[in-house]
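Chain A is the first sequence line, chain B the second, and so forth, proteins listed ahead of strands; every chain is numbered from 1. None of these values were measured; they are calculated from a predicted model.
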Amino acid sequence: MNSYDHSSIEAKWQKQWDDAGIFKTNQNPTDKMYILVEFPYPSGNLHVGHWYAFAVTDIFARYMHHVGKDVFFPFGFDSFGLPAENAAIKRGLNPKDWTYSNIAHMQKQVKSMGTMIDWSTQVATSDPEYYRWTQWLFLQFYKKGLVTHEQSHVNWCPSCKTVLANEQLEAGLCERCSSVVEQKVMMQWNIKITQYADRLIDDLDDVAWPTHIKESQKNWIGRSHGTFFTFDIKDAEENIKVFTTRPDTFMGVTYVVIAPEHELIQELKSTISNWNEVEEYIERTNQKTNLDRQTNKQKTGVQLNGIKAIHPATKQEIPIFISDYVLASYGTGCVMAVPAHDERDFEFATLYNLPIVQVVEPAITSNTPSIINKKPYLDLSGHLINSGEFDSLPVSEAQEIITTRYGTKTTTYKLQDWSVSRQRYWGCPIPMIHCASCGVVPVPEQDLPVRLPDMDKIEIRDDGKSPLAHNTEWVTTTCPACGGSAQRETDTLDTFVDSSWYYMRYTDPVNESEFASADALRTFMPIDFYSGGSEHTNRHLLYARFFFKVMYDLGLVTQTEPFITRNNRGLILGPDGEKMSKSKGNVIDPDSVVETVGSDVVRSYLAFMGPYGEAGNYPWDPNGVVGIRRFFERVFALASRAGQNDSQQSLVALHTMLSKIHYDFEQLKFNTALSKLMICLNELEKHECSVKTLSQFLIPLNVFAPHVAQEIWEMIGFSGFVYHQKFPVADLGVLEGQSFKIMIQINGKTRFSHETSNSLSEADVLECIGGTDEYKKWVGDKKIIKTIYVKDRLLNIVVSE
RNA sequence: GCCGGGGUGGCGGAAUUGGUAGACGCGCACGACUCAAAAUCGUGUAUCGCAAGGUGUGCGGGUUCGACUCCCGCCCUCGGCACCA
């Protein structure tokens, strides 16, 4: 009896595929397709999400392989990062040993998926052979002037004891440990991603990504067009530069507000008469966390006594305030307040009894009353009032004229520069040297990599420094410029730097003289399909695009976008419909499911849960898994009784499936692709089915269930690997002459149908159905007003009632 | 508040883009096999109705011979951003 013993089948075929090396990448592809999945962090254990990422993408990769693409499907590990270091601190483990034993274990787990991954491509970002090139790229960025080392306002996680990028915050909390993040000023290495803000937005036009991903990135970058105005300060040399998107409201400015952290305040210290009060407010602001500032939106502030700003147009003196509702990091850090037309300014003005001057009269439209009822309102279709010479100008015209007269056109972004310094050990050392006489000196390229030293004890102190700082032997070095004694930089790079270029290293993973050869890059880049998690939309995906653009400018790559298409995966939820978590006890362990029902079942079930391209979150149904298992068992059962002949129905079933299934794969609808195989099997079971027909069925099945397909392939007497088979082409001749139904509608409602095997004209259909009882019942002697005929699909007869 | 997705049986989801709503799978019910149960196989399964037939894709309108699909107005829900001037 041919039963489905998944364990032995999987072990058997995985070994044979491996021994035969059938998944080796074709280095001279004629029709290349680079399929990439975000590489995992080697946490130590594979979860269902990893399966959903790699096994289901493997289904897509295998489909592409069978239809003739030269698929490149690599794999690696994003192996620097905090968990290794935390394991070291908590449990006294060596971060390197911990990481590499996890990698070894996870590799085995991934191999159990039975994917067509080419393992010879594997990279790990913590390998010196890899991070050598991370450092090299960092130095190229530095030479291009894109790297700065400066005092910066940073997000500090007191629990992780390291700096976080804005992208690593979630509602003011550390994304990793949910600690309340503090604000600090520290010397930091920053990369000037803001210089690429425009291109990062504009080039989105060139990629075929889902709209929501593009929109999210645009939002994150937050480009807005507006005007700078400069307000002089009476009897002082300094002035206040503000940014606004509503220059038309310029004549309604009744005061200005400066962010408390703004350096201008310090410069004005001697002229401010209530300095004590001001200083106290600044102190209070500095102690506030981002979270406080975001949740407690009650307006507070302090007027700067003794100084006044001068309105550039009216020359009137207006008060100056500091308030934490103005952010230092956005625009100029100063705003002109127009309480009549801005909610926040309105609130503040009401609190401090400041004048409110309406300068825009809304246009009379149907929704005007609701605008006016709202105390401060914005109306872009109105005209100006109380604005002197600008009165009666429409808003858009006023914006132009006032900007030309008093201001400068400009563009600002929400995106901030990328802070890449991390005060932790297990990361890529920043290849910089601090010399007392020469300052910051980059490590010469021939000295790369700057190796991370092995350290017996990893200890995080409260000095805000990396554990590396306490390794004097490693820190002490000589200055490449003057030869004097110098210190190494002890911060390590944000791991998002490591992962910004790994997909290029895959193309040439063991190259010792370049990060990747131009030849390899030309052969495999760009990435045709990139699957990842939606949490990376505004982080990895943005950083990687930025990296690639800089590399383009450096002449290192020839394209401007690395990822042609992008697919954000959804989440696999627990059987209870909730996100899997240990505390909820709803975690599915893929290893144990694989053990009981087999790898092929898990792969296929994950594909069957729902469409892959829509980022839907699907609950894991243990019964659903059993359904897939039954399907494979039925294929085995069919195999044991397949003979030499086919009934016509079997051929029709096979070729119908073969003709329709491509559409599903192309739409990433692996769920409906698999359902077409099930429909086909349902038919083959009912009719006489030949070994040959079954063998053709096995090739699309191999995409989902490579072990099952291969085993049956052998069982029914075929040799070689199914992997080497081309996807069968549907024989449309078999499908010709099949009978089909033309539905008959009366007044748009389907009432009956007419079965035929020939293509019919409208008159033919009418003639065929004219004598039927159904026709007499629904049409009878009612008057036919008109008919609509969609050839061979439907005839709609409109009759009078 | 702003931006972007979604609302279809008991459940996951189909409907090739305006043409038979509910494919496929799960679950459930009944039947066969069995001493019995499981497994397996078969049949059925949106809903009201004995039936003829009616009603149904979040709600209310509209366009059309015909609407899950298009338009207008709501409601709910998920995700991202959020004092961004």
Side-chain angles (χ1 to χ4, degrees), chain A residues 170-172 210-220 222-224 226-227 242-246 249 257 259 293-299 323-327 329-338 341-345 347-348 412-415 534-535 537-538 568 570-571 573 577 605 608-611 614-628 630-631 633-634 637 660 662-664 666-667 669 671-679 681-682 685 741-753 777 785-790 793-799:
Chain A
E170 271 173 24
T211 354
H212 69 273
I213 304 181
K214 290 188 184 186
E215 285 306 309
S216 183
Q217 285 205 349
K218 283 182 193 169
N219 247 305
W220 183 263
R223 175 162 66 188
S224 60
T227 302
V242 302
F243 171 74
T244 182
T245 54
R246 291 299 305 271
T249 64
V257 193
R293 224 162 141 167
Q294 278 171 25
T295 47
N296 189 356
K297 293 181 179 175
Q298 204 77 355
K299 297 286 176 291
S323 170
D324 66 6
Y325 85 85
V326 175
L327 305 175
S329 55
Y330 181 75
T332 60
C334 306
V335 302
M336 57 175 225
V338 188
H341 304 289
D342 180 278
E343 265 185 73
R344 297 148 303 179
D345 296 344
E347 206 185 308
F348 192 83
T412 63
Y413 307 88
K414 286 197 233 177
L415 183 72
S534 54
E535 71 274 19
T537 300
N538 296 331
N568 277 6
L571 240 43
L573 308 172
Y605 174 61
F608 191 62
M609 295 174 103
E614 287 174 21
N617 299 333
Y618 308 111
W620 178 278
D621 177 2
N623 283 319
V625 178
V626 174
I628 303 293
R630 284 205 271 257
F631 170 61
E633 282 170 357
R634 283 165 48 207
K660 287 181 167 179
H662 297 280
Y663 173 85
D664 302 80
E666 279 152 19
Q667 307 286 313
K669 299 190 68 156
N671 55 331
T672 51
L674 185 52
S675 89
K676 287 190 171 64
L677 290 180
M678 291 171 169
I679 293 167
L681 179 72
N682 289 346
E685 279 178 328
K741 283 176 182 170
I742 297 173
M743 59 174 163
I744 311 299
Q745 295 186 338
I746 310 298
N747 291 343
K749 291 192 179 181
T750 304
R751 295 303 184 182
F752 59 105
S753 61
K777 175 178 173 186
I785 298 166
K786 67 167 169 174
T787 57
I788 293 102
Y789 182 58
V790 181
R793 292 207 67 162
L794 74 95
L795 175 66
N796 187 8
I797 304 168
V798 183
V799 298

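- Look at A/Asn796 and you won't find any side-chain N or O under 4.0 angstrom from OP1 or OP2 of B/U64.
- When rounded to the nearest whole Å, the span between CD1 of A/Ile213 and P of B/G80 equals 14 Å.
- The CZ-P distance, from A/Arg630 to B/C26, rounds to 5 Å in whole Å.
- Against the 90° criterion about 0, the sugar-base torsion of B/U17 places it in the syn range.
- The separation between A/Met743 atom CE and B/U20 atom P is 4 Å, rounded to whole Å.
- Considering only side-chain N and O atoms, A/Tyr330 lies under 4.0 angstrom from the phosphate OP1 or OP2 of B/A85.
- Under the Watson-Crick or G-U wobble criterion, with both distances below 3.5 Å, B/U77 is paired with B/G5.
- In this structure, A/Lys299 reaches the bases: a heavy-atom distance under 4.0 Å links it to at least one base atom across the strands shown.
- In this structure, B/C11 and B/G25 make a Watson-Crick or G-U wobble pair, each of the two defining distances being under 3.5 angstrom.
- Taking a pair to require two hydrogen-bonding distances under 3.5 Å in either a Watson-Crick or a G-U wobble arrangement, B/A82 remains unpaired.
- Phosphate contact (OP1/OP2 of B/C81, side-chain N/O of A/Asn219, threshold under 4.0 Å): absent.
- Applying the 90° criterion around 0 to the glycosidic angle, B/G9 comes out syn.
- Regarding contacts with the backbone of B/A23, every side-chain N or O of A/Lys676 stays at 4.0 angstrom or more from both OP1 and OP2.
- When both pairing distances are held under 3.5 Å, B/C68 makes no Watson-Crick or G-U pair with any nucleotide shown.
- Across all strands, A/Phe608 comes closer than 4.0 Å to base atoms (heavy-atom distances).
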